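Predicted model only: the values in this text are computed from it and were never measured.
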Amino acid sequence: MRLIATALNLALMLAAAPGFAWLLAMAAALRDRAPMPAPLAIWRLWWALWRAEQVRPAGVSGFADAAIAAGLAAALLAATFIPTFTTALATAPFASVPLVVALLALAAILPLLSLMAAGTMAGGIAAGRILGFFCAASPALFLTFWALAQLGGGVMLNAIATPGGVASPLAPRLLAAIALAAIARAAPTAAAAESGGRARTMALATTALTRLGALSLVAALLVPFGIAGEGQGLLAAGIGLLLWLVKMAVAAGLLAWLRPARPAASRLLSPALTVATLCAALAALLAQAPLI
């Protein structure tokens with residue numbers, strides 16, 4: 001049953017990734033009062049790009065495509081560890097918070113190698129901006145996930161992602177949520193791949209799957225309510241699935257609301273990152289000696 005649950009968990013993440021990208025586009029359209037995207041627009045775009053002719057900038061080798069494929073592989077591997085509707089996964093004994101965060105970071109960073117391999121100014125600037133953001137946000141991310149691990153009594157997801165794993169105290173969880181929201185607001189826009197065709201499709205799929213995986217991880221750590229545990233039946237799994245879909249829909253709306261309609265000029269030491277670092281540090285301190 002664990003293998004079946006793991007396969008269903010991965011299939012759910014893969015099927016929901018383009019849908020989540022559409023939800024983000026729809027939420028952004030509502031925020032900006034722009035025309036709504038068609039329900040199947042993302043699927044049609046990905047299919048059209050997949051069937052299009054492979055195009056690379058002059059002088060770019062297959063290394064750029066390999067970097068994008070490696071990023072997609074990291075996102076897929078991370079998806080096998082992140083519980084969506086149940087924690088009874090075959091990968092549960094290996095699913096630790098540091099491992100999953102590292103895989104998601106690789107999925108976000110590896111495709112940047114393709115931008116640098118292209119040798120264009122726009123690609124280099126975009127890659128440098130995103131890498132600089134990861135360096136600046138690393139302390140806040142580390143402290144946030146460390147605080148949540150302390151509240152859950154360890155770093156294993158199957159122990160933390162339970163209704164009792166982070167049921168109390170409230171203050172460090174609230175501070176961790178604020179820190180993650182501030183990081184999401186400060187994050188730069190994902191850069192598009194320089195190549196076309198299937199490489200562009202893989203890059204878009206990697207971005208969508210990484211975002212979905214990151215938000216699913218945050219939901220499992222902060223609001224694990226409804227996730228089916230070991231030995232629970234199909235009814236609990238079905239409830240967990242429905243609640244996960246609701247959580248992701250709410251997360252898409254919150255992410256679109258947090259992101260500015262017109263991103264400001266990127267700065268490594270932005271006010272949002274400062275707020276994130278301070279909240280994460282307070283969350284880590286209160287996780288050690290909770291007051292509320």
Side-chain angles (χ1 to χ4, degrees), residues 20-21 23-24 27-28 31 71 74-75 78 82 97-112 126-152 155 157 160-161 166 171-191 206-224 247-248 250-287:
F20 183 72
L23 279 177
L24 283 175
R31 178 198 62 196
I82 300 171
V97 174
L99 175 61
V100 175
V101 172
L103 287 172
L104 291 174
L106 280 176
I109 291 173
L110 283 174
L112 299 179
R129 184 174 65 249
I130 296 173
L131 288 173
F133 167 78
F134 273 110
C135 292
S138 292
L141 285 171
F142 171 79
L143 289 171
T144 300
F145 286 114
W146 185 81
L148 292 174
Q150 289 293 312
L151 292 175
V155 297
L157 278 176
I160 302 174
V166 287
R173 285 191 294 126
L174 182 59
L175 287 168
I178 295 173
L180 291 172
I183 291 171
R185 181 172 179 82
T189 304
T206 302
T207 300
L209 189 58
T210 303
R211 285 177 176 171
L212 182 62
L215 289 174
S216 297
L217 175 63
V218 171
L221 294 175
L222 287 177
V223 283
K247 292 174 188 176
M248 292 303 101
V250 172
L254 288 175
L255 192 59
W257 176 71
L258 286 169
R259 300 288 292 158
R262 294 179 176 85
S266 179
R267 292 184 298 173
L268 288 182
L269 299 178
S270 64
L273 276 183
T274 303
V275 171
T277 305
L278 291 175
C279 290
L282 286 175
L285 289 174
L286 290 178

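Across all their heavy atoms, G253 and A27 have their closest contact at CA-CB, 4.1 Å. In terms of heavy atoms, A74 sits closest to L106 at CB-CB, 4.1 Å. Here the shortest heavy-atom pairing between P139 and A136 reads CD-O, 3.4 Å. The two atoms that bring F20 and A252 nearest to each other are CE1-CB, 3.8 Å, heavy atoms only. The minimum heavy-atom distance linking A287 with P172 is given by the pair N-CB, 4.1 Å. What you find for A283 and A176 is that their closest heavy atoms are CB-N, 4.0 Å.
Atom CG of residue L217 and atom CG of residue L157 lie 6.0 Å apart, to the nearest 0.5 angstrom. Between L24 atom CG and M248 atom CE the span is 10.5 Å, to the nearest 0.5 Å. The line from CG of L180 to SG of C279 is 10.0 Å long, rounded to the nearest 0.5 Å. Note: R129 CZ to L112 CG = 10.0 Å, rounded to the nearest 0.5 Å. Between atom CZ of residue F142 and atom OG1 of residue T144 there is a gap of 10.5 Å, rounded to the nearest 0.5 Å. Atom CD1 of I178 and atom CG of L174 lie 4.5 Å apart (nearest 0.5 Å).
Side-chain contact between V97 and L221 is present, with at least one heavy-atom pair separated by less than 4.5 Å.
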Criterion side-chain contact (heavy atoms from CB on, under 4.5 Å) on L141 and V101, from CA distance to verdict
CA-CA 9 Å; L141 285 171; V101 172; 6.0 Å; no
Kindly determine whether V155 and F145 satisfy side-chain contact (heavy atoms from CB on, under 4.5 Å), including the steps that lead there.
CA-CA 9 Å; V155 297; F145 286 114; over 6 Å; no
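Side-chain atoms of K247 never come within 3.5 Å of backbone atoms of L215 as a donor-acceptor pair (strictly under, hydrogens ignored).
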